[in-house]
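Accompanying notes for the structure given below.
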There are 2 protein chains.
Amino acid sequence: MGNSLSLTEENYIKAIFQIGTTPESNVSTNALADSLQTKPATVSDMIKKLSHKKLIFYEKYKGVALSASGSKEALKIIRKHRLWEVFLVNHLNFKWDQVHEIAEQLEHIKSSELVNRLDDFLGNPTIDPHGDPIPDAKGRVQLGPSKLLSEMTSHEKGIIVGVKNEDPLLLQHLDKINIRLGLQIEVTEVNDFDQSMQVNLPDLGIIFLSEKITSQILIAKNS
Amino acid sequence: MGNSLSLTEENYIKAIFQIGTTPESNVSTNALADSLQTKPATVSDMIKKLSHKKLIFYEKYKGVALSASGSKEALKIIRKHRLWEVFLVNHLNFKWDQVHEIAEQLEHIKSSELVNRLDDFLGNPTIDPHGDPIPDAKGRVQLGPSKLLSEMTSHEKGIIVGVKNEDPLLLQHLDKINIRLGLQIEVTEVNDFDQSMQVNLPDLGIIFLSEKITSQILIAKNS
DNA sequence: ATTAATTTTTAGATTAATCTAAAAATTTAA
DNA sequence: TTAAATTTTTAGATTAATCTAAAAATTAAT
Ligand SMILES: [Mn+2]
Ligand SMILES: [Mn+2]
Ligand SMILES: [Mn+2]
Ligand SMILES: [Mn+2]
């Protein structure tokens, strides 16, 4: 392995990993350009380079998918990102809406010794502050099955285990209405017209949630 | 301040700070090229850029010195570097010879909130694992007066407060012969021919040190 | 099945950071 | 105080990452 990825290459690999639903599903040039806030022409150039390095599979006009080594790299970056987020929240008292941007920088620090010691220092956490699973040193992830709150029906119960994205405005709003990971939640009513919901939460009682919110909250698939 | 320094610019600013003995003393193009492991031609280009950004004073063929804003930036980077070193040693159990390289990366993470929270988390340390002073949030350093062990004479006593450089081989050697910060040391003999010394250390007793070593060890100037 | 719209790629430039080789200025030595 | 040595700067290229504009391929719509 005479390779060390540049910061840009790492960001491409991570984006391909996160956009691709399954490891095989191809990611389009435009989707990457959107995600990386760059232009399709730039992406075209870069994917040629990554393909040449055998990190992705690429056929012209057909999009890209990560190779085995590409996936391995992606998981390493994601592991670092999420471990640093745990550090920032658990030890530096950041709020969950403040850590993503800093972790975007810290995920590029190169030292496997550092990552593994950080992992131990944190107590080998399995999820990050947003409920996302943390890959272990070998890149393995243990992801419990979950569904969106918006997919639940009246009288269903479950436990909040994650949020779908890390938009600070969403996270701050959830803070404001006292929704956090680990809470038991029960759907008391679903409004057919706009998919808004009334839910019952411990202590808080019944609150109203729009579909904008319920489609961002992950609930453990019980049993 | 519409400025954010690139990683490269930060490294130049830091190098100028560390090479320049006093804030006024001019740093030569070649000295910078050596320190940054690059070529003089490259340095010439970059110092023009930094001068244009008013981070340094520069006159052709006369070398460079940091401006007030340049110094401020340098101190911010050095603060981050040393705080991260403390974290790595005190919380992740790295040895003092393993942290410099990782800190070279971490010092470029941009978030003043992060640095200040890290500072608090670490208990607002005033020195790093090598005895170097840590600038506070306002860039102030409190540096106790010190001298080199090699400058001491027979029967002088003092306390080891730092090492002059962070070469892992030096640090590992000091570990091996059980020399560390905080030890009381007494010069028992100085050999005029090669400036080698015999010193007395608590528990260890009398050991022999070459000038290569004694010129790297800092002793507090007592009172 | 053509045509139109969209997506993707190529062509040609630009910027930051770097290099080598050569010219210019400064410093050191004879 | 000239000449030699050293240092520093300039000139001209290169590489990575980016852009705009235009061409080519694919996909969607008549
Ligand atoms: Mn994140
Ligand atoms: Mn996260
Ligand atoms: Mn260091
Ligand atoms: Mn240090």
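Residue numbers begin at 1 in each chain, while the letters A, B, ... track the order of the sequences.
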How many whole angstroms separate atom NZ of B:K39 from atom C1' of D:dA11?
18 Å
Checking B:R79 side chain against B:P135 main chain: does a donor-acceptor pair fall under 3.5 Å?
yes
Is there a side-chain polar atom (N or O) of B:S6 under 4.0 Å from OP1 or OP2 of C:dA16?
no
Looking only at heavy atoms, what is the nearest atom pair of A:I56 and A:I16, with distance?
CG2-CD1, 3.8 Å
Would you tell me if any nitrogen or oxygen in the side chain of A:K48 comes within less than 4.0 Å of OP1 or OP2 on C:dT9?
no
Residue pair B:E156, B:T153: steps toward the side chain to side chain donor-acceptor pair (under 3.5 Å) verdict:
CA-CA 6 Å; B:E156 259 192 279; B:T153 53; 3.1 Å; yes
If you compare every side-chain N and O of A:Y58 against the phosphate oxygens of C:dT9 (OP1, OP2), does one of them come in below 4.0 Å?
yes
Under a 4.0 Å threshold between the charged nitrogen and the carboxylate oxygen, would B:R82 count as salt-bridged to B:E85?
no
Rounded to whole angstrom units, what separation is found between the CD atom of B:E59 and the C1' atom of D:dT8?
14 Å
Roughly, in whole Å, what's the span from CE in A:M46 to C1' in D:dC19?
13 Å
Short side-chain N/O contact to D:dT26 OP1/OP2 from A:K60, under 4.0 Å:
no
Over how many whole Å does the gap from A:L5 atom CG to D:dA16 atom P extend?
14 Å
May I ask you to check whether B:F87 and A:F87 place their ring centres under 6.0 Å from each other?
yes
Show each protein N/O and nucleotides 1-7 of chain D N/O combination with a separation under 3.5 Å, one pair to a line.
none

How many whole angstroms separate atom CD of B:Q37 from atom P of C:dC19?
10 Å
Please list, one pair per line, the donor and acceptor atoms closer than 3.5 Å that link side chains of residues 102-115 of chain B to other protein atoms, with sequence neighbours excluded.
| residue | atom | partner | partner atom | Å |
| --- | --- | --- | --- | --- |
| B:E104 | OE1 | B:K14 | NZ | 3.2 |
| B:E104 | OE2 | B:K14 | NZ | 3.0 |
| B:E104 | OE2 | B:H100 | NE2 | 3.2 |
| B:Q105 | OE1 | A:K110 | N | 2.6 |
| B:Q105 | NE2 | A:K110 | O | 3.0 |
| B:E107 | OE1 | B:K14 | NZ | 3.3 |
| B:E107 | OE1 | B:H81 | ND1 | 2.7 |
| B:E107 | OE2 | B:K14 | NZ | 2.9 |
| B:H108 | ND1 | B:E10 | OE1 | 2.6 |
| B:H108 | NE2 | B:N11 | OD1 | 3.1 |
| B:H108 | NE2 | B:E104 | O | 3.2 |
| B:K110 | NZ | B:L5 | O | 3.2 |
| B:K110 | NZ | B:E10 | OE2 | 2.9 |
| B:S111 | OG | B:L114 | N | 3.0 |
| B:E113 | OE2 | B:R117 | NE | 2.9 |
| B:E113 | OE2 | B:R117 | NH2 | 3.1 |

Side-chain N or O of B:S44 versus OP1/OP2 of D:dT9: is the shortest distance under 4.0 Å?
yes
Measure from the side-chain heavy atoms of A:D45 and tell me the nearest of D:dT9, C:dT9, D:dC19.
D:dC19
Rounded distance in Å - NE2 (A:H52) to C1' (D:dA16)
15 Å
Could you check how far CG of B:N26 sits from C1' of C:dT27, rounded to whole Å?
16 Å
Which heavy atom of B:A31 sits nearest to which heavy atom of B:I19, and what is that distance?
O-CD1, 3.7 Å
Report yes if at least one side-chain N or O of A:T38 is closer than 4.0 Å to OP1 or OP2 of D:dC19; otherwise report no.
yes
Check the phosphate of C:dC19 against B:T42, side-chain N and O only, distance under 4.0 Å to OP1 or OP2. Yes or no?
yes
